[in-house]
Asker: 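Structure provided below as structure tokens; questions to follow.
The figures that follow rest on heavy atoms only: side chains count, while hydrogens, waters and symmetry mates do not. One-based numbering along the sequence shown. For ligands, and for the atoms within them, numbers begin at 1 and follow the listed sequence.
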Amino acid sequence: MRRSIEIFDTTLRDGEQSPGFSMSLGQKLRVGRVLAEMHVDVLEAGFPAASPGDFDAVRALAEEIEGPRIAALCRTIPRDIEHAARALEPAANARIHTFIATSPIHRREKLCMDRDEVIRHAIDAVVMARGACDDVEFSAEDGFRTERDFLAEILQAVIEAGANTVNIPDTVGYATPSEMYDLYRWLIRTVPGIENVTVSTHCHDDLGLAVANSLAAVEAGATQIECALNGIGERAGNCALEEVVMALRTRADRYQVETNVETRRLTAGSHLLAAVTGNFVPRNKAIVGENAFAHEAGIHQHGMLASSNTYEIMQPEDVGLKQSQLILGKHSGKHAVIERAREMGLELAEDEIEEVMKRFKDLADRKKRVFDSDLEAIITGSQTGTVGPWSLNWLSVVSRINGESEPTASLTLAHEDGTTCTHTGEGDGPVDAMVHALEQVTDTRIKVLSLAMRSISLGEDAQGEASMRATVNGVELSGHGLSTDIVAACAEALLEIVNRAVRYAAQAQQSDAA
Ligand code: KIV
Ligand code: ZN
């Protein structure tokens, strides 16, 4: 009989806490819904004691998301545990995930604690957490670099204190697969009581080995994998959910395990996350990259025509990809668009349909055909949860090479209070000019940190996607724009950033006043 492996998703915690991947509450909810539809077993929603925003997000996810168990991270500090317990109150099924570093370097340099103190903190935290929640996970941070005897001692102690899951993270991504296998095998054979709890693995990708190490832990007997969509997470990221799940499924002959993940949601989930964070997935990324199921070389095409098994080890449908294209254009109606979106794994909520149809019709007027990728871009673009207060009414950009004067950008923005404002900015290039015009209209200081542009659909009139990171009044944010005109896409991305900054500043003012 096959063993069942629990998938613990940490996209919204380890993933979200890493630079460039921060999400608003609305965006976290949207990603959380996709993860629930994907049937992950545990959804780590955040670190409630880290900030009021994190607390609110965990509470909102605990209130809304049905299906997965909702987990909240906390240090072994009573205040952290209280925050986690309160944020999780609305969840139907909750887990408190408490951690303390165990490796010699972390004990000495970071915690300034000896082994006994670390064990005492761990036991006290697990006992307190169990008082608030019947499901508690303990993580030995930097567990992989911890002395084996101490690791076994602390795991035994937390199991006796009531931990239901023990996790041994490779926090710094240092392990190799054979070492990982040895360690898990040894722990599972050595630690008294470990057979009664879930044994988890949490691998970072600093050496590109996170998926391989997680699979090695499973081969040695681990029963839970901690992972994140698109492999996002601290530094080089975490084990990629889509990769580890498809490896277990495709090579079930080898691993003899199964997961509950609905793999047909993987592509939609990956694309949504990329759109809301403004971080593209590389074309050649396993499972969800654009090229993962594309064949160009003549020999490969020949083989594929004969039998797809010649060059494909997975069916594109299994990860939610459709090869066929329904032709959508300006004569298509609402039902066709909704149906096509559903087929692509993108369920539209009632209140999103009008906005999606408006964008669809605008695009269909400018394009002969609307491809799947166009439709997906329209939908994920409209699902990024970004609204006002400013919207772009008009834009005119002049680019100059060897000209007498600087490139200029003139724009008119409408504010939700009904006013409009027009300004012209000059700059080194059109984007710089747009930044200066926007700064004047919105009274902000903008510094662009990075800008990536690409074409995301087929044909001459393809849609361009602009993804930008910038600081606004010192706060770093990301934005995302889509248009058949790449300069307009940049303007949309910039405006999304400014709107976020204005909304965050208003929220901060409100909570200061409260
Ligand atoms: O990498 C790590 O050690 C962690 C723990 C907090 C689980 O993310
Ligand atoms: Zn981690």
Asker: Could you list the residues that satisfy ring-ring contact (aromatic ring centres under 6.0 Å, His included) with Phe47, not counting sequence neighbours?
Answerer: none
Asker: Keeping waters out of it, list the protein N, O or S atoms under 2.8 Å from the Zn ion (ligand 2).
Answerer: Asp14 OD2, His202 NE2, His204 NE2
Asker: Heavy-atom pairs closer than 4.0 Å: do any link ligand 1 to the side chain of Thr171, the backbone, both, or neither?
Answerer: both
Asker: For a quick check under 3.5 Å, do Asn167 and Ser139 share a side-chain donor-acceptor pair by atom type?
Answerer: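 Yes.
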Asker: Rounded to the nearest 0.5 Å, how far apart are CG of Leu111 and NE2 of His121?
Answerer: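 NE2 of His121 is found 8.5 Å from CG of Leu111.
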Asker: Identify, for atom 4 (C) of ligand 1, the protein heavy atom at the shortest distance, and state residue, atom and that distance.
Answerer: His202 NE2, 3.5 Å
Asker: For ligand 1, which part of Glu234 has a heavy atom less than 4.0 Å away: the side chain, the backbone, both, or neither?
Answerer: neither
Asker: Between Thr11 (side chain only) and Leu229 (backbone N and O only), is there a donor and an acceptor less than 3.5 Å apart?
Answerer: yes
Asker: Backbone N or O of Ala210 within a donor-acceptor pair of the Asp205 side chain at under 3.5 Å?
Answerer: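 Judged by distance alone, yes, a pair lies under 3.5 Å.
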Asker: Pairing donors with acceptors under 3.5 angstrom, does anything connect the side chains of His83 and Asp54?
Answerer: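 There is no such pair between these side chains.
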Asker: Using only heavy-atom distances, determine whether the side chains of Glu137 and Thr165 contain a donor-acceptor pair under 3.5 Å.
Answerer: no
Asker: Take every heavy atom of Arg13, measure it against each atom of ligand 1, and state whether any distance is under 4.0 Å.
Answerer: yes
Asker: Looking only at side chains, do Asp41 and Asn260 share a donor and an acceptor under 3.5 Å apart?
Answerer: yes
